[in-house]
Amino acid sequence: MNASGADRMLITFWGTRGSISTPGRATEKYGGNTPCVFIRYGDIRIIFDAGTGIRGLGLLLAREMEGGKDPAPLHLFLSHTHWDHIQGLPFFKPAYRKGARITIYGSSNKERFLENVLKRQMDMDYFPVGLSDMAADIRIREMSDETVVIGPVVVDWQEQVFHPGGSVRYRLSAGGKRVVYATDVELDRIVRPEKEDADSARYVQEYLEFIEDADLLIADGQYTAEEYGKKAEWGHTSIPVIIGLARRAGVRQLAIFHHDPQHSDGMIDRLWKECQDDRVGGGLTEIFWAREGMTLPV
Amino acid sequence: MSEKKPFPGEDAPLQEGEIEFSQTAPVSRKAVFEGDTVRQGVYLEVRHPGRETIRVQLDEGEILIGRSSKCRIRLWLEDASRVHSRIIYEDEEYHVEDMDSTNGTFINGVRVQKCILRNNDKIQIGDARIVFVEGRAEKDP
């Protein structure tokens, strides 16, 4: 094992906030940028989502590219195309660099093509540079195969239910380790369905199987149980529900993600502490709140 | 799976003058405009088992932590590596970075390879606790 991450995955949170960016001192610890997670495995570089956090990541990657070595391709997987997950893309510096190669992956299960959705946010009415004017070699791939293979890294994915407009969860496997990125989904509705039927049981089973034995699960935990009561059907999961599912599936580390814009650092500290107080006899899953600027070894 | 660590604040009660885990640094805008800088008040409080707690003021230089005599923060602990971690100042932020240690570097109980430091973060290396404090800004003498 070494600092280059050649035989382990290094996972860095560049954006952890849900819905809208929340700059300011009250959120500087857990972060105010919207979702972006970077995974490095040897020379392979994978990004989950292009929220505002991808701007800072882009600056780092551009510096590395200026180092002179031929840059390896970047693989950007989008959970979906709601604003908070794509809004940083126009500010992603490698996309403006000639010679950079970027593949953007997303669901094909859209009314409009993924490429059109991304182009529209860079329409002149919204942004002065068009997607096709970016200098990098950008390829947009709507996923149709079950898995995406990038050298020794395998990325599985599944469509998620109960998020307005849909979303995709990803499972990345490499070197015998598994990392799952599963944000923007309302798991409370599969755990406590309005009516029990074959579909509801299947949804739970599929989710548990997908996250089973994950070394790290990065998961939507936007609401407290109390908040969820007022925000049912908004497409996000309550903290107790994701903790319960992670424990059932034998997840080793759960990073609670997509923090509510109203949750200050102090509040998240309190939630974390309450969660620790509650974990006596609660299984082996290590639970924490994802934090911008944190790199985890897996 | 990484080793479980106690939640910050649970392993040792807050001492007099110690900053609450969730509290942001008490540096006023007025103080900054008057010429004080935040970094003047930034230090590490090193709590080493069997040794007196010390403060290490931070500037923009690298600080090595470990068993080796070349480390500015020296740990006399079997589960610390020779050069275990380091503190660096990068992009106007302090970071802790694990130096491929055997037993890992933890921030508030979570094993990290690297992490931006925030006020009252606890860096855990074996049984040592190193608290990052962005204290009150002080005027230049």
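Computed over heavy atoms, backbone and side chain alike; hydrogens, waters and symmetry mates excluded. In what follows, every chain begins at residue 1, and chains take the letters A, B, ... in the order their sequences are listed.
Residues A/Lys29 and B/Asn108 form a side-chain contact, since some pair of their non-hydrogen atoms from C-beta on lies under 4.5 Å apart. Inter-residue side-chain proximity for A/Arg8 and B/Gln113 is flagged as met; some heavy-atom pair is nearer than 4.5 Å.
For CZ of A/Arg55, the number of neighbouring non-hydrogen atoms (other residues, nucleotides, ligands) closer than 6.0 Å is 12 at most. Surrounding CZ of B/Arg67 are more than 12 heavy atoms belonging to other residues, nucleotides or ligands, all under 6.0 Å away. Applying the 6.0 Å contact sphere to CD of B/Glu93 captures more than 12 heavy atoms from other residues, nucleotides or ligands. Residue B/Arg74 places its CZ atom among more than 12 non-hydrogen atoms of other residues, nucleotides or ligands, all under 6.0 Å distant. Remark: B/Lys114 NZ is packed, more than 12 non-hydrogen atoms of other residues, nucleotides or ligands lying under 6.0 Å away.
Looking only at heavy-atom pairs under 4.5 Å with chain B, the residue among A/Ile11, A/Leu296, A/Asp215 that has the most is A/Leu296.
Across B/Asp121, B/Val110, B/Ile116, a single residue satisfies side chain to side chain contact (heavy atoms under 4.5 Å, CB included) together with A/Arg291, and that is B/Asp121.
For the pair A/Asp269 and B/Arg118, the salt-bridge criterion is not met [side-chain N within less than 4.0 Å of a carboxylate O].
The two residues A/Pro297 and B/Arg111 have their closest heavy-atom pair at CD-O, 3.6 Å.
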